[in-house]
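The figures that follow rest on heavy atoms only: side chains count, while hydrogens, waters and symmetry mates do not. Every number for a ligand or one of its atoms is a count from 1 in the order of the listing. Residue numbers count from 1 along this sequence.
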Amino acid sequence: MQPSRANTSGNVHGGEIMKMMDNAAGIAAARHARSRTVTARVDCLEFHYPIHIGYYVRCEAQLTFVGTKSMEVLVKVYSENIKNEEEAILALTGYFTMVSLDENGKSKQVPPLKLICEEEQKLFEEGKQRYIARKQNQNQNK
Ligand SMILES: CC(C)(COP(=O)(O)OP(=O)(O)OC[C@H]1O[C@@H](n2cnc3c(N)ncnc32)[C@H](O)[C@@H]1OP(=O)(O)O)[C@@H](O)C(=O)NCCC(=O)NCCS
């Protein structure tokens, strides 16, 4: 993280990290859908620890749930001081809902998610519950 990304406290500006997370979610979703995607929603974005200037930052993005045209991506951000041997810490987490688009910018169906291990199945079930709750909320607000 370069000084140009600092906020007035001298740590990394939250918006810079959110942009990285959005990019990571977009790449993971586009790889799955094999199409372009847009961000429709962000849930449970949490800043667990500040990220310091000079630290190495790594974003991990994993599809957790797939609906018909939407995908939920869990993004984890790790921060590491490369000058010592301390382990990287989990600094931020968030769930991004990405929607697949066709060439005309219309939402488009995505392939199902292949679940290999128990952890993936658990994440999928949790994602499904959030998806159902969102749909119910949307219907109530209509
Ligand atoms: C996201 C967007 C493409 C959805 O378009 P839409 O015409 O409402 O699409 P649909 O009604 O066909 O819905 C497609 C899927 O997106 C999901 N979706 C749409 N809006 C959503 C929202 N706000 N939150 C979560 N999911 C949403 C729907 O639930 C549906 O999921 P499913 O097919 O898996 O059940 C449209 O609202 C859009 O372009 N938004 C702006 C996105 C953008 O510019 N992002 C970048 C921000 S800088």
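- Within a 4.0 Å radius of atom 48 (S) of ligand 1, the protein contributes no non-hydrogen atoms.
- For atom 2 (C) of ligand 1, the nearest protein heavy atom lies 4.0 Å or farther away.
- Residue Tyr49 qualifies as open at atom OH: its count of foreign heavy atoms under 6.0 Å is 12 or below.
- At a 4.0 Å heavy-atom cut-off, ligand 1 touches Thr97 through the side chain alone.
- In terms of protein heavy-atom proximity, atom 12 (O) of ligand 1 is closest to Ser107 OG, 2.7 Å.
- Within 4.0 Å of atom 10 (P) of ligand 1, at least one protein heavy atom is present.
- Here atom 17 (C) of ligand 1 lies nearest to Ser70 when heavy atoms of Gly26, Gly105, Ser70 are compared.
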* Test side chain to side chain donor-acceptor pair (under 3.5 Å) on Ser70 and Thr97 and set out the steps. => CA-CA 7 Å; Ser70 69; Thr97 301; over 6 Å; no
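- Contact annotation: for Lys135 versus ligand 1, heavy atoms closer than 4.0 Å belong to the side chain alone.
- Atom CD of Gln138 is surrounded by more than 12 heavy atoms from other residues, nucleotides or ligands within 6.0 Å.
- In terms of protein heavy-atom proximity, atom 33 (O) of ligand 1 is nearest to Lys69 N, 2.8 Å.
- Results of the side-chain hydrogen bond (donor to acceptor under 3.5 Å, both in side chains) test with Glu126 over Gln129, Lys122, Lys128 single out Lys122 as the only residue that passes.
- Hydrophobic clustering keeps Val12 apart from Tyr78 (ILVMFWY residues linked when any side-chain heavy atoms are closer than 4.5 Å, directly or through intermediates).
- Protein heavy atoms are found less than 4.0 angstrom from atom 24 (N) of ligand 1.
- Summarising the geometry, atom CZ belonging to Arg130 is positioned 6.0 Å from atom OG1 belonging to Thr64; distances are rounded to the nearest 0.5 Å.
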* **Criterion side chain to side chain donor-acceptor pair (under 3.5 Å) on Thr93 and His48, from CA distance to verdict** => CA-CA 8 Å; Thr93 48; His48 307 293; 2.8 Å; yes
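- Only side-chain heavy atoms of Arg41 come within less than 4.0 Å of ligand 1; its backbone N, CA, C and O stay farther off.
- Taking a 6.0 Å sphere around NE2 of His52, one finds it holds more than 12 heavy atoms contributed by other residues, nucleotides or ligands.
- A distance of 5.5 Å separates CE in Met71 from OG1 in Thr37, rounded to the nearest 0.5 Å.
- Residue Arg134 has no N or O atom closer than 3.5 Å to an N or O atom of ligand 1.
- At the shortest separation from atom 39 (O) of ligand 1 among protein heavy atoms lies Val38 CG2, 4.4 Å.
- Both the backbone and the side chain of Ala40 come within 4.0 Å of ligand 1, counting heavy atoms alone.
- The protein non-hydrogen atom at the shortest distance from atom 35 (O) of ligand 1 is Tyr131 OH, 2.4 Å.
- Of the options Val99, Thr39, Thr68, the smallest heavy-atom separation from atom 45 (N) of ligand 1 is shown by Thr39.
- Within ligand 1, the atoms closer than 4.0 Å to a non-hydrogen atom of Gly67 are 34 (O), numbered from 1 in the order shown.
- Taking CD from Glu120 and NZ from Lys114, the interatomic distance works out to 12.0 Å, rounded to the nearest 0.5 Å.
- Not a single protein heavy atom sits closer than 4.0 Å to atom 41 (C) of ligand 1.
- Checking Leu92, Ile17, Val75, Asn23 one by one against Cys59, the side-chain contact (heavy atoms from CB on, under 4.5 Å) holds for a single residue, Val75.
- Within the 4.0 angstrom cut-off, atom 6 (P) of ligand 1 has no protein heavy-atom neighbours.
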